[in-house]
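All remarks here apply to the structure that follows.
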2 protein chains.
Amino acid sequence: MSLISKSCEYGLRATLYIAARRGDEYVSIGDIARDLDISFHFLTKILQKLTQHGILKSSRGPSGGVALARPVKSVSLLDVVLAIEDHELFTACVLGLKECSESTPCPLHAQWARERARIQRMFRGTTLDKLAKPIADGTLRLAN
Amino acid sequence: MSLISKSCEYGLRATLYIAARRGDEYVSIGDIARDLDISFHFLTKILQKLTQHGILKSSRGPSGGVALARPVKSVSLLDVVLAIEDHELFTACVLGLKECSESTPCPLHAQWARERARIQRMFRGTTLDKLAKPIADGTLRLAN
DNA sequence: AGAATAAAAGACATACATGTCTTAAATTGG
DNA sequence: CCAATTTAAGACATGTATGTCTTTTATTCT
């Protein structure tokens, strides 16, 4: 398996792509799909979720597209992940037990709880503005 | 998504179950499936993989079943995970890029590489013997 | 040897994620 | 108003993980 779904990967890459292009100006989904080599229609549905969650705003018609609905600095990767992924990512038992908590732990509960909390902090602590510049200037890339 | 697949969850729980029953004596897959509430035929296929990887040994016929092929102390959870899961779990890019490494990193490479290494260490450092006792005496459980 | 037991193997079915395609609705510019 | 553009919405197809069922093979016990 993988930590996050393909939908989530696409959503994160697209959001970072938008942020790297100033964020406040509309970018067409077709452009994003082409540059990031993602299926256009599939990406459209993913970005719709982000729009519905208030992370992106959209505009139809010529010169339309999607843009960030909030300041780059105020959007974390966790916001994007939670808008697309099931919330259970950071709460579910690593062994799949329904009831797994401090009081009724599975054999790996303590160790896994620590790791997933770290991962969540990693996503929460990374805001779009921190990555936008190196992406914009080509230091970091969003596609192969 | 989840960190590991259901197959992997089942494989880990079954292996821990076997370890908690001394490990060296054969346990029928039917018993494991019943106690852990896992589909019998599905579990059979998963445990076959573990047998093929030399983690379990099996015996057909009456009083047969599966048992650990090696001492409990020498089997780590990572051994089980890697026998079932794709090896890419601990190497793949979190954003799904094919080429993602120190030299050509994605925007999250550095941070994710650190986390996935920790998770791998968690699985590698946890051997069956460390969990067998608390499971055997009921302190920790493998099913709801 | 024969019957019972249990893993091995593989066909088949189901669920869900992913991907493709078509139509509708909204916006822009001439 | 009309044509072009672009998101929205939903039907449909494909792929993969998961789950079920049947048959085969090996082993044990009588």
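Values below: every heavy atom of this structure, side chains too, minus hydrogens, waters and symmetry copies. First the proteins, then the strands, lettered A, B, ... as listed; each starts at 1.
- Looking at E99(A) and R141(B), their side chains come closer than 4.5 Å, going by heavy atoms from C-beta outward.
- Following rounding to the nearest Å, I4(B) (CD1) and dT18(D) (C1') show an atom-to-atom distance of 15 Å.
- Contacts with DNA chain C (heavy atom under 4.0 Å) in residues 6-16 of chain A: K6(A), S7(A), Y10(A), listed by number.
- Summarising the local packing, CZ of R22(B) is surrounded by 12 or fewer heavy atoms from other residues, nucleotides or ligands at distances under 6.0 Å.
- In this structure, R124(B) contributes its side chain and L78(B) its backbone to no donor-acceptor pair below 3.5 Å.
- For the 3.5 Å distance criterion, the side chains of Y17(A) and R21(A) qualify, holding a donor opposite an acceptor.
- Counting to the nearest Å, the C1' atom of dA6(C) and the CZ atom of R34(B) are 14 Å from each other.
- Here the rule is salt bridge (charged side-chain N to carboxylate O under 4.0 Å, His left out) with E115(A), and of R114(B), R118(B), R116(B) only R118(B) fits it.
- If you measure from atom CD1 of I46(B) to atom P of dT20(D), you get 12 Å, rounded to the nearest angstrom.
- In this view, F42(A) and Y10(A) satisfy the ring-ring contact (aromatic ring centres under 6.0 Å, His included) rule, not counting sequence neighbours.
- dT18(C) atom P lies 9 Å from atom CE of M1(A), rounded to whole Å.
- The number of heavy-atom neighbours closer than 6.0 Å to CG of D137(A), taken from other residues, nucleotides and ligands shown, is above 12.
- Across the protein-nucleic acid pair, F42(A) atom CZ and dT7(D) atom P stand 17 Å apart, rounded to whole Å.
- If you take CG of D86(A) and P of dC16(C), they are 11 Å apart, rounded to a whole angstrom.
- The number of heavy-atom neighbours closer than 6.0 Å to CD of E25(B), taken from other residues, nucleotides and ligands shown, is above 12.
- E85(A) has its CD atom 11 Å from the C1' atom of dA17(C), to the nearest Å.
- Nucleotides of DNA chain C nearest to P62(A) and S39(A) differ in position, and the one nearer the 5' end is that of S39(A).
- Distance CG (D37(B)) to C1' (dG19(D)): 13 Å, rounded to an integer number of Å.
- Proximity of L128(A) to L16(A): side-chain heavy atoms (C-beta onward) are separated by under 4.5 Å at one or more points.
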Tabulate atom names and distances for all N/O pairs under 3.5 angstrom spanning the protein and nucleotides 7-11 of chain C.
{"from": "dA7(C)", "atom 1": "OP1", "to": "I29(B)", "atom 2": "N", "distance (Å)": "2.6"}
{"from": "dA7(C)", "atom 1": "O3'", "to": "S58(B)", "atom 2": "OG", "distance (Å)": "3.4"}
{"from": "dA8(C)", "atom 1": "OP1", "to": "S58(B)", "atom 2": "OG", "distance (Å)": "2.8"}
{"from": "dA8(C)", "atom 1": "O4'", "to": "R60(B)", "atom 2": "NH2", "distance (Å)": "2.9"}

